[in-house]
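First up is the structure itself, then whatever we jot down about it.
Every chain is numbered from 1 and lettered A, B, ... according to where its sequence line falls, protein lines coming before strand lines.
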Amino acid sequence: MNTINIKELSELVNGELIGDTSLLITGPEQLERAQSSHISFIGNRKYIKLWNSSKAMAAIINDNIDLDPEEGQALIRVKNADLAMVKILEAFDPGQPQLESGIHATATIHETAKIGSNCVIGAGCYVGKDVVLGDNVFLYPNVTILDETSIGNNTTIWSGTVIRERTEIGSYCIFHSNVSIGSDGFGYRPSDDGRGLVKIPQIGNVVIGHQVEIGANSCVDRGKFSSTVIGDGCKIDNLVQIGHNSVMGRSCIMAGGSGLAGSVTLGDGVIIGGSASIKDHTTVHSGATVGGGSGVMSDVAAGKTVLGYPACDSKDMLKQWIALRNLAKN
Amino acid sequence: MNTINIKELSELVNGELIGDTSLLITGPEQLERAQSSHISFIGNRKYIKLWNSSKAMAAIINDNIDLDPEEGQALIRVKNADLAMVKILEAFDPGQPQLESGIHATATIHETAKIGSNCVIGAGCYVGKDVVLGDNVFLYPNVTILDETSIGNNTTIWSGTVIRERTEIGSYCIFHSNVSIGSDGFGYRPSDDGRGLVKIPQIGNVVIGHQVEIGANSCVDRGKFSSTVIGDGCKIDNLVQIGHNSVMGRSCIMAGGSGLAGSVTLGDGVIIGGSASIKDHTTVHSGATVGGGSGVMSDVAAGKTVLGYPACDSKDMLKQWIALRNLAKN
Amino acid sequence: MNTINIKELSELVNGELIGDTSLLITGPEQLERAQSSHISFIGNRKYIKLWNSSKAMAAIINDNIDLDPEEGQALIRVKNADLAMVKILEAFDPGQPQLESGIHATATIHETAKIGSNCVIGAGCYVGKDVVLGDNVFLYPNVTILDETSIGNNTTIWSGTVIRERTEIGSYCIFHSNVSIGSDGFGYRPSDDGRGLVKIPQIGNVVIGHQVEIGANSCVDRGKFSSTVIGDGCKIDNLVQIGHNSVMGRSCIMAGGSGLAGSVTLGDGVIIGGSASIKDHTTVHSGATVGGGSGVMSDVAAGKTVLGYPACDSKDMLKQWIALRNLAKN
């Protein structure tokens, strides 16, 4: 990481700098683990104790906390230490690893694929027939993109990720490691003799908007027919399952380990907590929130917060939990 | 996709064609997203409204729904629109992406591996020592098959999947992207000084029958000794965990995010709902169903349906949920 | 597998050998599946029936079980058949598959990477800029290690695994297939116009101790800043999620499908059951146990066992489950 003067950092976060204005900062660090050249964060009075025992000489501090720097220390007072932290992280961001620019000698690119300008394609990547990559697309080593997929400008795909045929991906997306896009939806019918299962062809695809981020080892299945759709700005964490023909609106959040069964519809700005699951063919309307660990079995109205298994209004679920605790005490 | 005359489609689904018999259809699509050349599905009266506003000029319709085609439209009346849909999907199925036939120049095949006729092995694949592939095995790019594994005829393995040593796989199987087969089971013993954990060797393997499908990013661990077994015709969704020495009968279904801890036994035709988990050393007997999100902690009798956490008879669990809801209201 | 005389096996497990002392054993097997040259295990009286119908001619048996070998059979009496089993597994362990030693011709190693002695790097691997591998590091085919990562001696990484930049990994670790280490933590802030989400840079890293094992398709996210930390001797099963800035002590166990949201702290020797989830910013103190399927929403005291969703003391939760069952019966 680079080194930045404490004054510059103070200006960056629009703060009031008090104490030693000559400090050179090498990066942000937690109070417990900081060395003297690090800057840390005091967003709450309870961290003052950690600050007193920390090796850090500099901190961003909420301006409602009463604390003065000692000799050699510097404090940057701000309205909101959490927001200031984001600016500090941006300042010290080393950026993503660079590869030798261009297409690595060990990558396999089908002769019909169209590659935009300034693309980087790492070692061992495969780019199939009639794939179209926009400009500045970055494929880390060992990514697989199958036939007729299109990817917009400035999208980054990390190693191990597999994008199957006919997927459509927008611009400024980030796909983390070992993601699986466009695998067959899970659909079978009983065999004619009633003794087994016959696969229903899954001939649809996946359509993903702009600025979508998908976490490591998550899966988005292709539609049975038509498309599985992820709207602009959706952010999806690790190990998330999105079943075939589900449709997500804009800027939805799905936390780690959560899942949509088939044909689920999410409105805009829906938040799904970690490890929560949504039953097939249900709709969670815009602005609704599903609490962590919940199992949603019926539609959720716009703006509502649901919780529990089976999920219901979160206040009602909390009452149920309290009632059960009291019942067991008797 | 190809183009098919509406008459042909009507014959295919054994339907009654009314309206414009000259339409050329380019594929199936949902009513909301259809263009004029698409065929859609009306399996329920509630879709008539969508049909009226759809651009689709053709639909398969259940014969108990009273609707007539307007000028230029065609309807195919059938007993069961859902079953007819499967035939339509099969008719328009573009098939899986083809690679240049044979073994790609960048694949690494151990000199002792035996490769059947008409196999396709994509770029960046690794096929290890003494591996045996049957005929028509299809490995997409960046698949890894380790030593002494055998794979039956007509099995397809998608990119990123890893099959570890000594796995036995049948014919007509499909393994989706980033699947992990044969990783070590999860077994440790306390170290002699009682302060740590020592790995128990996992020297068994995985044995998978015919016509088994395993979803993206799912895992099947090898046996501690003996085998983890998946019976013929089992269908496993994405992000499923199958612990060491579990044994599944024929034609079981495991939906997304579900899991078997170690040494679980499933009979034939067992259905495990999404995100459900089965405790180690329990048995779910033939024909039983485990509801989505359930946590099964004891054996389940044949044909029974269980639900909830901890799982019990589904009717009893529904009663518990209602009783708790009522309790909280008082 | 190799063949071992029954006498040798008896000495190995410190047992008392009775019956035919000349048997040659080809490996351990379950009673139901054993052939005549296999050795099996009778740790409980209920297995005597299986032994009577088994083809196995040899078994390890707990010395409190009254059973005599018939003609041609051999029994090894021990105090604890389960512990003896571990020694038998070690004796027959065929070891991990070997690759041609050294660096495969199709691997890509950046010219600045430092590779220790006796490393094996399989086909299609990528080792990035300034990566440092210790001695005897074993990378199976198609592993990706990005820039500035360091890996200690004798660590094994299975195929498909991706280790992102600046990760620090100790000695004698095992990473199974398709693991994702160091992906971005899941952090966003509302955009200034309030209509979308802006990514918070995740500039920290992952630090993993010695003798850590991580299961297939599991994920460990990098810190927002500072590090996500996994202590020495932790054992992590398949499909586990470890969120950014979580910190695990020594010798913790996380079973399949479990997860830590962001900034979770585990003490030493914590056990997390399968499919259990821990809320962000909570602490599970040393020696605590979280039951399978639980959802932990608040701190857990040292040595305590919690269970359920929302998790509480396991005895209280069992009381709640019983109370609810009784309530529903009325």
Go through the atoms of C:D184 and report whether side chain, backbone, both or neither lie under 4.5 Å from a heavy atom of chain A. both

Salt bridge (charged side-chain N to carboxylate O under 4.0 Å, His left out): pairs with one or both residues in residues 236-248 of chain C, sequence neighbours excluded: none

Using a cut-off of under 4.5 Å for heavy-atom pairs, which of C:R164, C:Q241, C:M297 has the most such pairs with chain A? C:R164

Pick one of side chain, backbone, both or neither for A:H38, based on which atoms fall under 4.5 Å of a heavy atom in chain C. neither

So which bits of residues 307-315 of chain C come within less than 4.5 Å of chain A, counting non-hydrogen atoms only? C:Y309, C:P310

What option among C:G295, C:S226, C:C219, C:A323 has the most heavy-atom pairs under 4.5 Å with chain A? C:S226

Measure distances from A:R325 to the heavy atoms of chain C and classify the residue's part below 4.5 Å as side chain, backbone, both or neither. both

Output yes when C:R250 and C:D232 qualify as a salt bridge under the 4.0 Å nitrogen-oxygen rule, no when they do not. yes

Please flag which part of A:S159 lies under 4.5 Å from any non-hydrogen atom of chain C: side chain, backbone, both or neither. both

At a heavy-atom separation under 4.5 Å, does A:L83 approach chain C through its side chain, its backbone, both, or neither? side chain

Measure A:S40 against the heavy atoms of chain C and call it side chain, backbone, both or neither at under 4.5 Å. neither

Highest number of heavy-atom pairs under 4.5 Å with chain A: which of C:Q202, C:K224, C:E148, C:R195? C:K224

Which atoms of A:E100 are under 4.5 Å from chain C, going by heavy atoms: the side chain, the backbone, both sets, or neither? side chain

With a 4.5 angstrom heavy-atom cut-off, could you sort out which part of A:M254 is near chain C: side chain, backbone, both or neither? backbone

Sort A:F41 into side chain, backbone, both or neither according to what part of it lies under 4.5 angstrom from a heavy atom of chain C. side chain

Looking only at C:R189, C:Q320, C:H110, most heavy-atom pairs under 4.5 Å shared with chain A are made by C:Q320

